[in-house]
Amino acid sequence: MKHMVKRDELFSLKTAKLLILMFLLFGICAGCLERDPVESRVNALVRGLGDEDERVSSISANELCTIRGPAVDPLIKALKDDNQQVRSLAAQILGMIGDKKATNSLIEALKDPVPEVRMNAAFSLGELQATEAVEPLIELLEDENGEVVRYTVIALGMLKDPRATEPLCEVLKRDDASKSYDGDSDMRCTGNSNIRSEAVFALGETGDPRAVDTLLDLLSDKEVGSSAASSLGRIKGEYVFGKLVKLLDSKNPTTRTNAVAVYEYIQDPAAVPILVRMLNDQVPEVRTGAAYALGHFNESEEIAQTEEPLINALGDNRVEVQAAAVGSLGRIESKKAIPLLAELIQSKNSNLCETAIHALGRYKDPEAADALIAALGNENWHIRMQIVYSLREVGDTRAVDPLISLLGDENHGVRKGAATVLGSLGDRKAVEPIIKALETERESDVRISEVQALGILGGPEAINCLSRISTDKDEYNYVRSSAEKALVILNGGGTVDVSLFY
Amino acid sequence: MRKSTLIYVSGIFLVLVLSGLWYYGNGADVKITNMHASPFGAGDPGKLNITLQNNGLKPVDVWLEIENAFVDENGTSYSTSRLIISDNSTGPWDEGSVSLQKPITLVHGNNSVNVWLGYMVPGKYPVKVRVVQNGRVLDEDTYHVNVPLPELHLKLENEFERRNTSDVYKVYGYLINYGLSYADKVSTNLTVTNERTGKIVFTSSEFYSVGGQDKSALRAWPGYPYAIVEIAHDKPSGDSYKPIPIVIVGQKEDRFLLNITSRWQDQVTSAELYIPAQEEGR
């Protein structure tokens with residue numbers, strides 16, 4: 001009996017233990033098997049960042065960028081990964097995702113032993129607009145690696161924080177700041193840049209008037225002078241006005257050239273008479289810059305001062321000065337200049353001729369349209385084509401008939417342009433001639449433009465023609481598909497959006 | 001063996017059996033109920049539409065593994081294990097919509113999934129589709145894709161123009177493909193025979209390519225004809241007709257036969273054009 005009791009006790013105790021064990025095991029198994037699928041996917045992708053195959057790491061990075069929020073914590077954790085590629089890409093992606101939660105971890109990553117990680121962390125802090133990172137980034141300007149410094153400068157520019165002004169000015173004084181880096185190698189910057197040029201740009205981004213003196217000094221610099229001009233243009237005008245005007249009289253031609261260029265960005269009326277005077281400067285670059293800058297003064301009292309001098313500049317002995325004056329006359333829509341610009345279309349200098357055509361295209365004036373239409377008979381097909389596209393800018397429907405004639409031009413580029421512009425001008429008078437042109441037109445790109453024009457102009461004849469083309473087995477594939485697309489839009493009813501065709 | 005040990009061993013065994021049952025018994029019930037691919041040509045992306053039926057009540061995540069989804073010009077088949085393409089992707093290499101990592105979530109009932117296909121050479125391809133979950137194949141099926149051959153045709157036309165004392169014929173040629181598949185490196189030979197003398201006066205050989213249901217102009221330069229035939233009634237014009245490389249100059253008694261033949265694999269197609277045409281004042 002005693003034995004039975006013992007056995008019963010043992011059984012019940014063991015059974016209870018076993019049941020508990022089973023529940024625990026089930027719990028563990030269920031826990032493992034029911035893991036959040038997003039979490040496990042993110043973890044797999046983070047591991048993928050370290051893959052030697054660039055395609056795998058790149059796709060993993062793209063996917064993590066797409067996942068965004070749920071990827072942030074694992075990526076923050078990955079900033080401490082043993083694999084430097086994982087850390088570097090994690091730093092990069094965190095900036096792209098743009099979650100400020102990553103700020104502190106990225107600030108820590110600025111101390112990573114691997115330069116690429118520091119570089120990406122710095123850039124990402126700029127992307128995150130993390131103003132709390134300004135001080136650590138300023139410290140990073142002392143980094144031994146030039147690329148890290150360059151990215152830090154870029155990041156500080158993105159943060160637009162005036163605390164960076166003085167440190168950036170100091171960077172400009174360094175010996176190693178002129179070293180060039182090939183921006184194409186890293187995908188984040190394009191073109192060649194160096195620390196100085198980035199620092200000049202960043203100073204413009206801060207908008208801090210304390211940068212003005214440094215930037216004004218740099219106007220004499222052949223390497224970064226034009227960037228300094230652009231940065232000065234982004235700093236509020238009144239901080240620059242007085243000091244800049246004085247530089248227009250500098251004896252240094254580089255300074256004068258770059259000082260003039262600032263007026264493309266800021267319009268100080270006090271500078272107009274000086275810029276007008278500079279149209280007679282002995283240095284052609286200065287005259288060019290002055291002619292170009294004067295086109296940016298659009299108030300009527302300013303135009304009263306600039307129109308005549310700019311017209312006179314058309315007689316300059318340098319083509320680049322003439323071209324700048326042509327462009328500016330177009331920009332201020334000088335009516336007086338129209339006949340002169342019309343004459344310049346016949347110029348043997350193609351640059352001048354094309355600038356004149358482009359300038360006339362800026363006018364919303366029948367006289368400009370007449371001047372362009374009159375020049376459509378130019379023997380150079382390239383000029384004819386430019387005129388055709390300028391007529392689109394003018395938007396005068398009197399161009400329709402001359403453009404219809406050009407559907408039979410010997411050059412396919414001109415025919416294509418004529419069809420395109422006829423579509424843009426929207427006059428249904430062009431429908432029948434375009435349908436006729438399609439009967440004989442052999443060039444696929446011209447046919448596409450003609451079909452697109454019919455799609456824009458619409459009407460029953462256009463629809464019939466497009467239906468025929470869309471089922472023609474002997475037609476070019478792209479032409480057929482353009483006709484199909486046009487029909488879908490036309491049959492859809494409502495307003496035709498020209499951009500749908502391109 | 002002590003009874004307590006026996007109970008422990010039995011218990012663990014029971015746990016393992018129950019775990020196994022739980023694990024495998026809970027497997028998704030997913031079947032491939034239909035597969036369909038609209039006709040497409042070699043060199044073009046195609047889509048295989050797969051209908052997957054989830055007989056379970058809960059959504060399940062599965063992977064698709066596709067064999068023979070891509071075959072290159074050398075006949076090499078590429079595995080697209082775990083390559084899933086979203087419905088809104090525009091091409092097979094549109095990375096933004098390609099995921100090597102995402103499973104497909106199937107809701108209860110029928111689910112439609114599109115998978116990209118691509119073949120560089122016409123032919124018949126068995127596409128094997130496996131539905132996989134946690135390494136287990138839930139279902140598999142094979143769809144036979146037929147990538148048709150291109151259908152090549154040639155067309156020659158001319159435009160007549162009188163220039164001073166010469167008749168100038170601008171000759172235009174087209175390689176037309178009524179089939180769906182792209183035809184690359186189509187060998188095209190031109191022979192020009194002077195009918196009056198019976199002599200071949202010009203030959204040329206070029207390669208052209210043409211897409212499916214498309215045409216290619218036979219020419220050296222965009223905006224210019226394929227060839228020029230000038231019939232001079234007096235002195236030839238002396239025009240070089242640059243940049244047109246095929247220029248035939250004859251006298252008023254001459255008549256030229258332009259014969260063009262294209263070959264692509266076993267297909268041969270040709271076209272002829274007489275200049276001047278028979279009905280023109282001879």
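Values below: every heavy atom of this structure, side chains too, minus hydrogens, waters and symmetry copies. This is a predicted model, so every value here is computed, not measured. Chain A is the first sequence line, chain B the second, and so forth, proteins listed ahead of strands; every chain is numbered from 1.
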### Message
Strictly less than 4.5 Å between heavy atoms, which residues of residues 468-480 of chain A line up against chain B? Please order them by number.
### Response
A/Lys473, A/Asp474, A/Glu475, A/Tyr476, A/Asn477, A/Arg480
### Message
Need one label for B/Tyr224: side chain, backbone, both or neither, based on atoms under 4.5 Å from any heavy atom in chain A.
### Response
backbone
### Task
For A/Asp51, enumerate each residue passing the salt bridge (Lys or Arg N to Asp or Glu O under 4.0 Å) test, keeping only those at least two apart in sequence or located in another chain.
none
### Task
Only counting residues at least two apart or in another chain, list the ones meeting ring-ring contact (aromatic ring centres under 6.0 Å, His included) with B/Phe207.
none
### Message
So if I take each residue of residues 438-448 of chain A and look for any heavy atom under 4.5 Å from a heavy atom in chain B, which residues do I end up with?
### Response
A/Thr440, A/Arg442, A/Glu443
### Within 6.0 angstrom of B/Asn164 CG, more than 12 heavy atoms from elsewhere
no
